[in-house]
Number of protein chains: 2
Amino acid sequence: MAAEGSQTLERGLMALRMIAEERDGLTASEVGARLGVHRSVAYRLLGALVRQGFAAKDDANRYRVGLAFFTLAELTRPPLLDAARPVLRDLAAELGVTACLVVPEGNDAVAVAVVEPPGSGARLSYRVGNRDPLDLGAGGLALLAALPPRPGEPGRVAEVRARGYALTCEELIPGVFGVASPVVRQAHEQPAAVTTLTHREDLARQAVPAVLAAAERLTRALAAPGPRDH
Amino acid sequence: MAAEGSQTLERGLMALRMIAEERDGLTASEVGARLGVHRSVAYRLLGALVRQGFAAKDDANRYRVGLAFFTLAELTRPPLLDAARPVLRDLAAELGVTACLVVPEGNDAVAVAVVEPPGSGARLSYRVGNRDPLDLGAGGLALLAALPPRPGEPGRVAEVRARGYALTCEELIPGVFGVASPVVRQAHEQPAAVTTLTHREDLARQAVPAVLAAAERLTRALAAPGPRDH
DNA sequence: ACAACGTGTTTCGTTATGTGCAACAAGAGG
DNA sequence: CCTCTTGTTGCACATAACGAAACACGTTGT
């Protein structure tokens with residue numbers, strides 16, 4: 001089940017990920033260095049990305065993601081993301097914590113949306129695309145509770161399933177508390193979970209009702225037929 | 001300035017675009033047929049896309065876009081798109097027309113967001129990613145009016161610049177009228193334009209004030225510091 | 001002023017790499 | 001039952017990607 005091959009494609013996709021993750025873009029030399037290949041190779045890879053519209057070259061020869069990337073992403077964007085944004089924003093504003101939406105992939109929980117609280121106070125930053133094991137952390141536990149039972153899942157998942165939320169203390173990151181609640185979806189669809197991060201335990205405990213309400217609100221929003229913007 | 005090469009990468013990116021544009025995904029054989037290569041080649045290309053997370057294989061061996069694609073798009077998503085969605089939605093609902101946001105690329109106007117009116121009536125459908133020449137159609141003219149003057153731009157651009165909107169009659173598609181107004185942004189930033197499509201001329205003329213208001217609303221929303229969701 | 005360095009960019013020979021074909025397994029349909 | 005199509009994997013060959021070298025250009029430092 002290996003099916004190796006397509007070295008060039010893989011390197012090109014790595015380059016695409018690199019320029020997407022750097023807000024200021026990258027030069028061909030930098031991409032080559034990170035990829036461990038000669039500058040000229042990176043130059044050609046980036047040229048192909050540009051020709052297909054996935055990257056664009058700056059005035060200063062820095063490469064950033066291109067328009068084709070945005071338009072394709074917009075075409076395939078799941079309604080879940082549009083529905084989640086206002087819910088996360090309100091949650092972050094109400095509690096003053098960082099609010100995320102996570103979905104399962106393999107044995108990980110992946111963050112697909114993150115909203116940090118308004119204002120200039122200290123905040124916990126969590127990036128879209130971050131992944132943590134499903135059996136560690138509030139978000140992953142909430143996902144496990146929404147998924148069909150698996151062999152070897154942690155015992156406390158039953159508790160999360162009964163209560164409707166998960167509260168974890170410093171499980172993933174020292175000094176960080178998490179509160180999460182699953183978003184129920186169609187039986188055949190992948191679940192999701194709303195989760196919040198804070199470094200104060202009292203805030204985490206107070207957050208429980210709001211997180212539960214946010215997950216329910218999102219569940220209802222997905223059940224209702226959303227605006228058709230296709 | 002040619003810089004050819006990277007055939008494999010280009011084919012892989014084409015495959016990625018294909019599976020993103022088909023809502024139901026594609027099989028390896030279908031991708032191979034459209035690409036003009038052997039099934040086994042498409043199979044290996046798609047395998048590389050899956051390994052990098054840009055594609056995912058269905059239970060029925062159909063390939064769709066993968067999680068890495070969404071997370072990268074979310075990381076690089078311009079604030080313009082988030083700000084535009086409610087504006088376009090209100091505009092579409094108020095007028096009962098299709099509302100779009102377009103940005104310039106090269107000599108084309110590219111649609112980056114489209115909202116169709118609610119309800120089940122007949123609607124003009126326009127897809128994200130569609131591109132039309134800048135000098136044809138209301139959206140393109142509005143962009144030209146917002147861009148620094150170019151040699152050889154159509155004479156009526158001056159008029160659009162003065163009035164603040166463009167109204168075109170069946171310029172791009174027979175029977176379709178367009179109304180557009182530019183969104184003003186920072187001097188060094190790319191302009192955008194709000195545009196609407198309808199097949200009734202009276203609706204188009206009545207739409208002018210609302211389109212102007214929507215473009216102004218979006219301009220103000222971009223000037224204000226948006227919520228930091230990073 | 002010059003020199004030394006780091007770019008972007010192109011050309012070129014070599015070799016690794018992707019390609020196409022064939023073959024096998026599995027499933028659907030007739 | 002047979003047939004057709006699909007997914008999947010070896011294999012030999014030819015292509016296409018690689019890395020080095022070279023050139024032009026702009027910076028930086030001396």
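Convention: sequence-line order gives letters A, B, ...; per-chain numbering from 1.
- When rounded to the nearest whole Å, the span between NE2 of A:His38 and P of D:dC18 equals 12 Å.
- Side-chain contact between B:Tyr43 and B:Val31: absent, with no pair of heavy atoms (C-beta onward) separated by less than 4.5 Å.
- Phosphate proximity of C:dG8 to A:Ser29: present, with a side-chain N or O under 4.0 Å from OP1 or OP2.
- The base of C:dG8 sits within donor-acceptor range of the side chain of A:Arg39, with an N or O pair under 3.5 Å.
- A close approach under 4.0 Å does occur between a side-chain nitrogen or oxygen of A:Tyr43 and OP1 or OP2 of C:dT9.
- When atom types are taken as modelled, the side chain of A:Thr168 and the backbone of A:Glu171 share no donor-acceptor pair closer than 3.5 angstrom.
- The side chain to side chain donor-acceptor pair (under 3.5 Å) with B:Glu22 is formed by just one residue from the set B:Arg62, B:Arg34, B:Arg64; it is B:Arg34.
- For A:Arg39 (side chain) and A:Ser29 (main-chain N/O), no donor-acceptor pair under 3.5 Å exists by modelled atom type.
- For the helix from C:dA1-D:dT30 to C:dA28-D:dT3, the terminal axes (five pairs an end, C1' atoms, rotation from four pairs onto the next four) enclose an angle of 40°, given to 10 degrees.
- Rounding to the nearest 0.5 angstrom, the gap separating the CG atom in A:Asp132 from the CG atom in A:Asn107 is 13.0 Å.
- Near DNA chain D, meaning a heavy atom under 4.0 Å from it, residues 8-20 of chain B has B:Thr8 in order of number.
- When distances are taken from the side chain of A:Lys57 to each of D:dG10, C:dT9, D:dA20, the shortest belongs to C:dT9.
- Contact check, A:Ser6 against C:dT17: no side-chain N or O comes under 4.0 Å of OP1 or OP2.
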